[in-house]
J.: 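Attaching a single structure in structure tokens format; questions to follow.
Start at 1 with the first residue, then count along the sequence. For the numbers below, each heavy atom of this structure counts, side chains included, while hydrogens, waters and symmetry mates do not.
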Amino acid sequence: MGFGGDLVALWEVPLSDGIHKVGFEHGTTTGRRVLWVDGQERIRHDWMFKLVGSEVFEIGDTKCVIKIEPIGGFSYEYSLEVNGKSYKKFTENQSKILKTWFFPLDGSYVRVVLEKGTLDVWVNGRKLDTAGEFVDDGTETHFDLCGHPSYIKAVSSGNRREGIIHSLVVDNTEIAESLE
């Protein structure tokens with residue numbers, strides 16, 4: 001991924017277009033800060049005298065802030081905020097609003113993501129054109145997945161707490177959900 005010897009934090013940020021790896025290097029003796037997103041260097045500061053503070057960056061349209069705070073002596077705590085929420089709160093929220101499937105298809109792995117709020121479908125980071133259709137027990141969102149007829153079926157669970165159940169069907173075979 002290109003990290004140097006001063007790597008102090010690594011996060012995986014789940015977004016609709018994929019899971020983005022964020023790495024942060026902090027040289028506490030040199031003051032050097034380097035921020036990496038998906039293996040690409042985004043920010044580099046050499047010889048910073050202020051060892052605490054924050055680094056602001058974006059992943060697509062998503063605003064992120066790494067905060068560097070002292071915790072005593074020459075020790076520091078590193079935290080990530082995503083869209084104004086703590087990393088933990090953001091990832092918990094993402095798991096509620098995104099439904100993800102990761103599975104092999106035609107010799108390579110495919111990541112399909114449904115944004116529950118907008119019903120947008122993403123495949124390997126690319127938003128697809130879809131066609132919605134009402135069926136007897138719910139709805140189906142149809143799309144082409146690399147030449148394979150596919151749809152996401154949404155049906156009521158009958159339980160208010162559980163809500164709507166989404167399932168992915170590719171070539172008339174249901175695909176198991178992935179836990180991210």
Side-chain angles (χ1 to χ4, degrees), residues 1-2 9-24 35-43 56-66 79-180:
M1 200 174 193
L10 186 61
W11 297 275
E12 290 186 343
V13 181
L15 298 175
S16 300
D17 66 345
I19 298 174
H20 299 275
K21 289 182 175 37
V22 175
F24 188 64
L35 172 74
W36 300 83
V37 177
D38 296 330
Q40 295 186 346
E41 187 177 304
R42 290 278 193 89
I43 297 173
V56 179
F57 63 101
E58 291 183 351
I59 303 173
D61 294 335
T62 304
K63 183 180 177 189
C64 302
V65 179
I66 293 176
S79 59
L80 176 66
E81 285 186 2
V82 184
N83 279 345
K85 296 180 180 140
S86 72
Y87 173 74
K88 183 177 188 231
K89 195 71 144 167
F90 178 80
T91 54
E92 286 171 357
N93 189 49
Q94 289 298 89
S95 70
K96 293 176 188 170
I97 65 172
L98 300 178
K99 183 85 166 183
T100 305
W101 297 269
F102 189 71
F103 58 97
L105 183 68
D106 295 339
S108 61
Y109 276 85
V110 176
R111 182 177 188 264
V112 175
V113 176
L114 170 68
E115 284 186 33
K116 294 179 187 178
T118 61
L119 297 181
D120 287 339
V121 176
W122 296 74
V123 174
N124 294 340
R126 210 178 84 245
K127 188 174 163 184
L128 294 186
D129 291 328
T130 61
E133 174 184 350
F134 289 102
V135 293
D136 288 340
D137 55 349
T139 63
E140 293 179 355
T141 304
H142 292 263
F143 54 96
D144 178 71
L145 184 59
C146 309
H148 297 268
S150 306
Y151 62 92
I152 295 175
K153 187 171 184 94
V155 297
S156 173
S157 65
N159 179 339
R160 180 191 258 185
R161 287 181 158 237
E162 198 172 329
I164 296 174
I165 298 172
H166 297 91
S167 52
L168 173 64
V169 177
V170 178
D171 291 330
N172 294 318
T173 304
E174 187 170 336
I175 305 297
E177 177 186 4
S178 298
L179 300 175
E180 287 189 349

J.: For residues G163 and S157, report the shortest heavy-atom separation together with the two atoms involved.
T.: O-OG, 2.6 Å
J.: Locate the shortest heavy-atom distance separating H166 from K99; write the atom from each residue and the value.
T.: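 The answer is O-CE, 3.3 Å.
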J.: Return the minimal non-hydrogen interatomic distance between I19 and D38, and the atom names on each side.
T.: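 That would be O-OD1, 4.1 Å.
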J.: Are E140 and V169 packed together at the side-chain level, in the sense that at least one heavy-atom pair is separated by less than 4.5 angstrom?
T.: no
J.: Mark yes or no for whether N159, through its side chain, and R161, through its backbone, hold a donor-acceptor pair below 3.5 Å.
T.: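 Here the side-chain-to-backbone pair exists.
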J.: With rounding to the nearest 0.5 Å, note down the distance linking OH in Y87 to CD1 in I66.
T.: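 Atom-to-atom, Y87:OH and I66:CD1 are 11.5 Å apart.
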J.: Calculate, to the nearest 0.5 Å, the distance between atoms CD and CD1 belonging to E177 and I165 respectively.
T.: 10.5 Å
J.: Flag the pair L98 / W122 as yes when at least one side-chain heavy-atom distance between them is below 4.5 Å, and no otherwise.
T.: no
J.: Should F24 and L80 count as side-chain neighbours, where that means a heavy-atom distance under 4.5 Å?
T.: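 No, too far: nothing below the 4.5 Å cut-off.
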J.: If you compare all heavy atoms of W101 against all heavy atoms of L114, which two are closest, and at what distance to 0.1 Å?
T.: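 In terms of heavy atoms, the two residues are closest at CZ3-CB, 4.1 Å.
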J.: How close do L10 and G23 get, heavy atom to heavy atom, and via which atoms?
T.: CD1-CA, 3.9 Å
J.: Does Q94 reach the main-chain N or O of P14 with its side chain, forming a donor-acceptor pair under 3.5 Å?
T.: yes
J.: Could you please spell out the steps behind the side chain to side chain contact (heavy atoms under 4.5 Å, CB included) verdict for T91 and W11?
T.: CA-CA 11 Å; T91 54; W11 297 275; over 6 Å; no
J.: Could you go step by step and tell me if I164 and K116 meet the side chain to side chain contact (heavy atoms under 4.5 Å, CB included) rule?
T.: CA-CA 10 Å; I164 296 174; K116 294 179 187 178; over 6 Å; no
J.: Within this structure, what is the OG-CG distance for the pair S150 and L105, rounded to the nearest 0.5 Å?
T.: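 Atom-to-atom, S150:OG and L105:CG are 7.5 Å apart.
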J.: Using a 6.0 Å cut-off, check whether atom CG of D137 has over 12 heavy atoms from anything other than its own residue.
T.: yes
J.: Report the distance from atom CG of L168 to atom CD1 of I175, rounding to the nearest 0.5 Å.
T.: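 The distance works out to 5.5 Å.
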J.: Roughly how far, to the nearest 0.5 Å, is OG of S86 from CG of N93?
T.: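 Interatomic distance, N93 CG to S86 OG, rounded to 0.5 Å: 10.5 Å.
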J.: Look at atom NZ of K127 and say whether more than 12 heavy atoms of other residues, nucleotides or ligands are closer to it than 6.0 Å.
T.: no
J.: Is it true that a side-chain atom of N124 and a backbone atom of R111 form a donor plus acceptor pair closer than 3.5 Å?
T.: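 Yes; judged by distance alone, with no hydrogens or angles, the pair exists.
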J.: So that I can tick it off, tell me whether K96 and E92 are bridged by a salt bridge, with the cut-off set at under 4.0 angstrom between side-chain N and carboxylate O.
T.: no
J.: Tell me if a side-chain donor or acceptor on Y151 pairs with a main-chain N or O of N172 at a distance below 3.5 Å.
T.: no
J.: Is the closest basic N to carboxylate O distance between E58 and K63 below 4.0 Å?
T.: no
J.: Could you tell me whether a side-chain N or O of T100 sits under 3.5 Å from a main-chain N or O of V113, the two making a donor and an acceptor?
T.: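 Not at all, since once roles are kept as given, no pair shorter than 3.5 Å links the two residues.
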J.: Write down the atom of N83, the atom of D61, and the distance for their closest heavy-atom approach.
T.: OD1-O, 4.5 Å
J.: So does G60 get a backbone contact from the side chain of T62, meaning a donor-acceptor N/O pair under 3.5 Å?
T.: no
J.: Please walk me through it: do V170 and F103 pass side chain to side chain contact (heavy atoms under 4.5 Å, CB included)?
T.: CA-CA 11 Å; V170 178; F103 58 97; 4.1 Å; yes
J.: Could you check if a side-chain atom of I59 sits within less than 4.5 angstrom of a side-chain atom of V22, using non-hydrogen atoms only?
T.: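 Yes; the side chains approach each other to less than 4.5 Å.
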J.: Is it true that atom CG of D129 has more than 12 heavy atoms of other residues, nucleotides or ligands lying nearer than 6.0 Å?
T.: no
J.: What is the distance from atom CD1 of I152 to atom OG1 of T139, rounded to the nearest 0.5 Å?
T.: 9.5 Å
